[in-house]
Amino acid sequence: MPQGQPSVVPEDGLTTRQRRNRPLVVVHTGVGKGKSTAAFGLALRAWNQGWPIGVFQFVKSAKWKVGEENALRVLGASGQGGLVDWHKMGEGWSWVQRDAQMDNEAKAREGWEQVKRDLAAETYRLYVLDEFAYPMHWGWVDTDEVVEVLRARPGTQHVVITGRNAPEQLVEFADLVTDMSKVKHPMDVGQKGQRGIEW
């Protein structure tokens, strides 16, 4: 397998192996298509390594059936790779009894509180916080708190956050940031999303 060579070797006292295995915060942002898709690609790699994976889907409706959910649930239950837990907003967080009228803002805060608990307990090796950039951008969840929690997370937990308008504090803190720009999209000429491409 090809080995990438870092452009800088910091004087941090770590060995190459120690530096290579540091946990990452990854951000996929921008107006282009594919932010969540790329995050679920990382989840497939993590599953193959046998890592436990927690997917926390913010903002998107619980009625939205994404193909990756079914695929990752089947893989997680197969016993061949890592376990996969999928938490969907709007479906009802299984650990909290709540009023069906709870608004999206409260649901996002509730979801972030559970992510914090799971990070503290080192529940997963990979966290996919899908569309989590939106609650931070809208001020529903405090970005500075998110950065501090991620900075202090124990163990070797990787976190990938997707969504447009990722706050600058998060972008500055993250280890890997990809801004997906749009060059062309079928919706530009009036074509709506289709099976197998968007879901």
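Values in this document were obtained by computation on a predicted structure and should not be read as measured data. What you see below is based on every heavy atom in this structure, not just the backbone, and it leaves out hydrogens, waters and symmetry mates.
- Transitive grouping of hydrophobic side chains (ILVMFWY, heavy atoms separated by less than 4.5 Å) brings Val171 and Trp138 into a common cluster.
- Arg45 places no side-chain N or O within 3.5 Å of a backbone atom of Leu42 that could act as its donor or acceptor partner.
- A distance-only check finds a donor-acceptor pair linking the side chain of His28 to the backbone of Lys35 [under 3.5 Å].
- Minimum interatomic distance between Thr29 and Ala166 (heavy atoms only, all atoms of both residues): OG1-N, 3.2 Å.
- A heavy-atom distance below 4.5 Å is found between the side chains of Leu129 and Val159.
- To the nearest 0.5 angstrom, Glu168 atom CD is 13.0 Å from His137 atom NE2.
- Minimum interatomic distance between Arg125 and Thr156 (heavy atoms only, all atoms of both residues): NE-O, 2.8 Å.
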Is there a side chain to side chain contact (heavy atoms under 4.5 Å, CB included) between Arg153 and Val25? Walk through the geometry before answering. CA-CA 11 Å; Arg153 72 194 187 283; Val25 172; 3.6 Å; yes
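- One hydrophobic cluster, built from ILVMFWY side chains closer than 4.5 Å, holds both Leu44 and Leu126.
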Ring pair (Phe, Tyr, Trp, His ring centres under 6.0 Å) between Trp112 and Phe132, worked out: CA-CA 9 Å; Trp112 169 238; Phe132 189 51; 5.4 Å; yes
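- Note on Phe173: it clusters hydrophobically with Val115, by side-chain heavy-atom contacts below 4.5 Å among ILVMFWY residues.
- The two residues Ala120 and Pro154 make their nearest non-hydrogen contact at O-CG, 4.1 Å.
- Contact check on Asp188 versus Lys182 returns a salt bridge, with a Lys/Arg side-chain nitrogen under 4.0 Å from an Asp/Glu carboxylate oxygen.
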Might you work through the side chain to side chain contact (heavy atoms under 4.5 Å, CB included) test for Met136 and Gln169, ending with a clear yes or no? CA-CA 10 Å; Met136 286 183 278; Gln169 306 98 296; over 6 Å; no
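- With 3.5 Å as the limit, one finds a donor-acceptor pair spanning the side chains of Asp130 and Thr162.
- Here the straight-line distance linking atom CG of Asp85 with atom OH of Tyr127 works out to 10.5 Å at 0.5 Å rounding.
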Show the numbers, then the answer: is there a side chain to side chain contact (heavy atoms under 4.5 Å, CB included) between Val146 and Val141? CA-CA 8 Å; Val146 171; Val141 174; 3.6 Å; yes
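- Hydrophobic clustering of Ile, Leu, Val, Met, Phe, Trp and Tyr side chains at less than 4.5 Å, counting indirect connections, keeps Leu24 apart from Met180.
- Note: the hydrophobic cluster containing Tyr124 does not contain Leu83 (ILVMFWY, side chain heavy atoms under 4.5 Å, direct or indirect links).
- Counting heavy atoms from C-beta on, the side chains of Gln114 and His87 never come closer than 4.5 Å.
- Val31 and Arg164 make their closest contact through O-NH2, 3.3 Å (heavy atoms, listed as atom of the first residue, atom of the second, distance).
- Interatomic distance, Asp12 CG to Leu14 CG, rounded to the nearest 0.5 Å: 4.0 Å.
- Side-chain contact between Glu69 and Phe40 is absent, with no heavy atoms from C-beta onward closer than 4.5 Å.
- Side-chain contact check for Leu119 versus Leu150: some heavy-atom pair is nearer than 4.5 Å.
- Between Glu148 and Arg151, at least one side-chain N (NZ, or NE/NH1/NH2) sits under 4.0 Å from a carboxylate O, which counts as a salt bridge.
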I would like to know whether Arg19 and Val9 meet side chain to side chain contact (heavy atoms under 4.5 Å, CB included); could you show each step before the answer? CA-CA 10 Å; Arg19 195 175 304 110; Val9 178; 4.0 Å; yes
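- Minimum interatomic distance between Gln157 and Glu122 (heavy atoms only, all atoms of both residues): OE1-CA, 3.3 Å.
- Considering all non-hydrogen atoms of both residues, Ile161 and Ala133 come closest at CG2-N, 3.9 Å.
- Between Glu113 and Arg109, none of the side-chain N atoms (NZ, or NE/NH1/NH2) sits under 4.0 Å from a carboxylate O, so this pair counts as no salt bridge.
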